[in-house]
Amino acid sequence: GPARLARLPLARVKALVKADPDVSLASQEAVFVLARATELFVETIAKDAYVYAQQGKRKTLQRKDLDNAIEAIDEFAFLE
Amino acid sequence: MAERPEDLNLPNAVITRIIKEALPDGVNISKEARSAISRAASVFVLYATSCANNFAMKGKRKTLNASDVLSAMEEMEFQRFLGPLKESLEVYRREQKGKKEARKDKDKKTDSEEQDKSREEENDDDDERMEEEEQNDEEEVDN
């Protein structure tokens with residue numbers, strides 16, 4: 001549910017945050033919210049890609065479904 | 001040295017579990033699709049961090065905080081995440097507060113116990129406390 005705590009390990013998310021040379025400090029809360037947002041992102045993109053698998057009458061999500069979703073959906077433009 | 005996105009990946013098992021839970025039962029995911037989603041998730045973190053950092057800088061703060069991340073989500077057009085994120089944050093804050101209070105109580109107990117020479121040393125509690133202290137500190141990044 002929405003109130004569930006992040007399952008992505010905070011240390012790994014923190015490593016990504018630290019990779020940004022412009023970031024000096026990040027609060028633990030910030031890392032937590034980022035982790036949780038990333039989980040929501042993964043759920044969202046998986047569901048959006050699955051629409052294409054359904055169109056192709058497939059029960060296996062494939063790479064091309066993802067590519068189609070990224071191309072079609074504005075919010076995923078940063079991935080192109 | 002700057003890390004490339006491919007070097008900073010998120011655990012496959014967790015990513016796979018999140019995907020499976022989001023999709024209907026009986027749906028599979030190819031390895032290539034899973035990898036692509038995992039890479040996309042890493043890019044998401046990097047992009048969101050950069051975006052959030054802009055808000056921190058605008059507020060003349062050196063520390064990226066939770067509200068900067070929420071602002072970044074809005075900027076990235078993921079407004080629908082805001083509700084669930086705020087809820088999760090509240091739960092997280094309550095739990096952190098509970099941990100702090102438990103630690104304070106433990107400290108009180110430990111002080112009086114140390115006077116009892118026959119008491120065995122409880123390393124578990126100390127380890128837990130150290131772990132929490134590490135988590136509670138703001139991370140300083142040497143860039």
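Every value quoted in this text rests on a predicted model; they were computed, and no experiment measured them. Below, chain A is the first sequence line, B the second, and so on; all start at residue 1.
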Worksheet item: Heavy-atom distance under 4.5 Å to chain B: side chain of A/Ile45, backbone, both or neither?
Response: side chain
Worksheet item: Do you know which two heavy atoms are closest between B/Met73 and A/Ala37, and how far apart they sit?
Response: SD-CB, 3.9 Å
Item to complete: To the nearest 0.5 Å, tell me how far B/Met57 CE sits from B/Lys62 NZ.
Response: 12.0 Å
Worksheet item: Can you say whether B/Tyr47 sits under 4.5 Å from chain A via the side chain, the backbone, both, or neither, judging by heavy atoms?
Response: side chain
Fill in: Single-linkage hydrophobic cluster A/Val51~B/Ile19, side-chain heavy atoms < 4.5 angstrom
no
Worksheet entry | Cation over ring face, B/Lys58 and B/Phe55, 6.0 Å, 45° | yes
Discussion item. Which atoms of B/Arg80 are under 4.5 Å from chain A, going by heavy atoms: the side chain, the backbone, both sets, or neither?
Written reply: side chain
Worksheet entry | Interface moiety of B/Val14 toward chain A, non-hydrogen atoms closer than 4.5 Å | side chain
Worksheet item: Which bit of B/Leu23 comes within less than 4.5 Å of chain A, counting heavy atoms only: side chain, backbone, both or neither?
Response: side chain
Response to the item:
The reported gap from CZ in A/Arg7 to CD1 in B/Ile15 (rounded to nearest 0.5 angstrom) is 9.5 Å
Worksheet item: Is any side-chain N of the basic residue among B/Arg93 and B/Glu90 closer than 4.0 Å to the acidic one's carboxylate O?
Response: no
Worksheet item: Less than 4.5 Å apart, any side-chain heavy atom of B/Ile29 and any of B/Ile37?
Response: yes
Worksheet item: Among A/Arg36, A/Glu29, A/Gln28, whose side chain to side chain donor-acceptor pair (under 3.5 Å) with B/Tyr92 holds?
Response: A/Gln28
Worksheet item: With a 4.5 angstrom heavy-atom cut-off, which part of B/Asn65 approaches chain A: side chain, backbone, both or neither?
Response: both
Worksheet item: Can you pull out the residues in residues 72-79 of chain A with any heavy atom less than 4.5 Å from chain B?
Response: A/Glu75, A/Phe76, A/Phe78, A/Leu79
Worksheet, complete the sentence: Honestly, the part of A/Leu66 sitting under 4.5 Å from a heavy atom of chain B is side chain
Fill in: Closest contact, heavy atoms only, B/Ala72 versus B/Ala52
CB-N, 3.6 Å
Worksheet item: In terms of heavy-atom pairs under 4.5 Å with chain A, which of B/Ala40, B/Ala48, B/Ala56 leads?
Response: B/Ala40
Worksheet item: Hey, are the side chains of A/Leu16 and B/Thr49 touching, using non-hydrogen atoms and a 4.5 Å cut-off?
Response: no
